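Excluded from the calculations below are hydrogen atoms, water molecules and symmetry mates; all remaining heavy atoms, backbone and side chain alike, are included. Owing to the predicted nature of the structure, the values given are computational and were not obtained by experimental measurement.
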Amino acid sequence: MNFRKWNLKTDYEFLTKWWQQWDFGIVPIECLPPLGIMIEKEDTPICGGGLYIGQGTAFGFMEWVVRDKNISDRDSHKALKICIDELCKLAIDNECKLVYTVTGTEALQKRYTKYHGMDLTENAVKTYLKDLKGNTYKKMEWILDDEQISKRNSNK
């Protein structure tokens with residue numbers, strides 16, 4: 001396996017395919033960070049993730065870590081390990097001192113602490129988002145959890 005920085009123009013199709021495999025909404029391309037890592041096996045992308053860096057800060061936000069659902073457990077473990085490690089190195093290369101991430105996925109929660117030395121900082125948290133243009137991201141299913149999608153659907 002090898003890794004490279006992602007190119008959203010060519011890698012977005014893989015990311016959307018994987019999000020669909022996991023029944024996750026499609027993150028609009030303009031909402032993804034320009035920095036990210038793709039993991040490839042035999043020149044085929046199998047895993048990726050992004051890194052937001054706040055301008056003028058030493059703070060990185062790792063997000064949208066996803067893999068091809070059809071790869072083996074062994075390849076999955078190895079690809080995720082490489083991806084997360086390389087995202088942390090990318091943060092260091094960009095002079096970040098902290099990397100923050102959020103996930104509701106139990107497997108990633110375990111991985112972050114067991115394999116990547118991350119500290120759990122919060123257990124019960126609610127996240128919020130405001131669409132500053134009003135209706136640009138009307139459905140926002142790409143960022144809602146199942147409970148919020150169900151609530152929205154029941155209010156229709």
Side-chain angles (χ1 to χ4, degrees), residues 1-55 57-123 125-129 136-137 139-149:
M1 276 183 214
N2 63 318
F3 68 91
R4 61 175 171 76
K5 290 184 179 176
W6 72 11
N7 176 338
L8 290 175
K9 288 180 183 175
T10 56
D11 293 325
Y12 187 67
E13 71 177 278
F14 294 102
L15 297 168
T16 58
K17 174 184 162 188
W18 302 334
W19 290 323
Q20 288 173 327
Q21 290 173 347
W22 292 101
D23 294 325
F24 187 70
I26 305 300
V27 181
I29 194 168
E30 66 272 15
C31 294
L32 293 171
L35 294 174
I37 296 290
M38 292 295 281
I39 309 304
E40 296 178 327
K41 182 176 181 183
E42 298 170 3
D43 297 323
T44 300
I46 61 170
C47 181
L51 180 69
Y52 297 93
I53 298 176
Q55 186 177 3
T57 73
F59 187 83
F61 180 55
M62 179 173 52
E63 185 62 298
W64 315 120
V65 175
V66 65
R67 68 166 177 90
D68 185 335
K69 194 173 188 175
N70 297 317
I71 62 175
S72 71
D73 289 345
R74 181 180 178 159
D75 284 346
S76 172
H77 174 74
K78 187 174 180 182
L80 285 165
K81 173 93 171 76
I82 294 168
C83 184
I84 295 164
D85 284 346
E86 291 304 320
L87 286 167
C88 289
K89 287 178 187 173
L90 188 59
I92 291 167
D93 291 346
N94 283 274
E95 301 180 5
C96 290
K97 294 181 180 174
L98 296 166
V99 171
Y100 180 80
T101 193
V102 176
T103 186
T105 305
E106 191 174 325
L108 280 176
Q109 293 166 0
K110 290 178 182 177
R111 169 171 293 286
Y112 289 146
T113 55
K114 184 175 181 178
Y115 299 111
H116 302 283
M118 298 183 86
D119 294 318
L120 176 62
T121 57
E122 299 175 88
N123 263 332
V125 66
K126 295 190 182 283
T127 63
Y128 299 86
L129 182 70
T136 305
Y137 303 103
K139 287 183 126 185
M140 291 196 293
E141 289 179 352
W142 55 276
I143 200 157
L144 299 176
D145 65 13
D146 291 340
E147 181 181 353
Q148 300 312 311
I149 291 171

(message) Once you measure the plane-to-plane angle for Y12 and W19, does it fall in the parallel (<30°), tilted (30-60°) or perpendicular (>60°) bin?
(response) perpendicular
(request) Flag the pair K17 and E13 as a salt bridge only when some basic side-chain nitrogen lies within less than 4.0 angstrom of an acidic carboxylate oxygen. (result) no
(request) May I ask you to test the V66-F24 pair for a side-chain heavy-atom distance under 4.5 Å? (result) no
(message) Are the side chains of I71 and K41 in contact, using a 4.5 Å heavy-atom criterion?
(response) no
(message) For a quick test of reading the model, state the closest non-hydrogen atom pair linking M38 to G48 and the distance between them.
(response) SD-CA, 3.9 Å
(message) Do T121 and Y100 have side chains that approach each other closer than 4.5 Å (heavy atoms only, starting at C-beta)?
(response) yes
(message) I need the I143 CD1 to T127 OG1 distance, nearest 0.5 Å.
(response) 6.5 Å
(request) Drop me the distance from W6's CH2 to L87's CG, to the nearest 0.5 angstrom. (result) 8.0 Å
(request) State, with a plain yes or no, whether a side-chain heavy atom of C47 is found less than 4.5 Å away from one of L80. (result) yes
(request) Give the intermediate values and the outcome of side chain to side chain contact (heavy atoms under 4.5 Å, CB included) for residues D85 and Y115. (result) CA-CA 9 Å; D85 284 346; Y115 299 111; over 6 Å; no
(message) Any heavy-atom pair between the side chains of M62 and H116 that's under 4.5 Å?
(response) no
(request) Any chance you could measure S72, atom OG, to K78, atom NZ, to the nearest 0.5 Å? (result) 10.5 Å
(message) Within this structure, what is the CD-OG1 distance for the pair E63 and T103, rounded to the nearest 0.5 Å?
(response) 8.0 Å
(request) For residues K81 and R111, determine if any side-chain heavy atom of one lies less than 4.5 Å from a side-chain heavy atom of the other. (result) yes
(request) Work out which heavy atom in A79 is nearest to a heavy atom in I39; give both atom names and the distance. (result) O-CG1, 3.6 Å
(message) To the closest 0.5 Å, what do you measure between CG (N94) and NZ (K89)?
(response) 14.5 Å
(request) Might you point out which heavy atoms bring S76 and R67 nearest each other, and give the distance in Å? (result) OG-NE, 2.7 Å
(request) Check R4 against P45 and note the closest heavy-atom contact, atom names and distance. (result) NH2-CG, 3.9 Å
(message) Do P33 and W64 have side chains that approach each other closer than 4.5 Å (heavy atoms only, starting at C-beta)?
(response) yes
(request) Look up atom SG in C31 and atom CD1 in I26, then write down how far apart they are to the nearest 0.5 Å. (result) 12.5 Å
(request) For N2, look at atom CG and say whether over 12 heavy atoms of other residues, nucleotides or ligands are found less than 6.0 Å away. (result) yes
(message) Could you go through L15 and L32, starting from their C-alpha distance and side-chain angles, then the distance that decides it, and tell me whether this counts as side chain to side chain contact (heavy atoms under 4.5 Å, CB included)?
(response) CA-CA 11 Å; L15 297 168; L32 293 171; 4.3 Å; yes
(message) Minimum heavy-atom separation for L108 and I84, please, with both atom names.
(response) CD2-CD1, 4.4 Å
(message) If you count every heavy atom of other residues, nucleotides or ligands that lies below 6.0 Å from Y112 atom OH, does the total exceed 12?
(response) yes
(message) Are there over 12 heavy-atom neighbours, none belonging to K5, within less than 6.0 Å of that residue's NZ?
(response) no
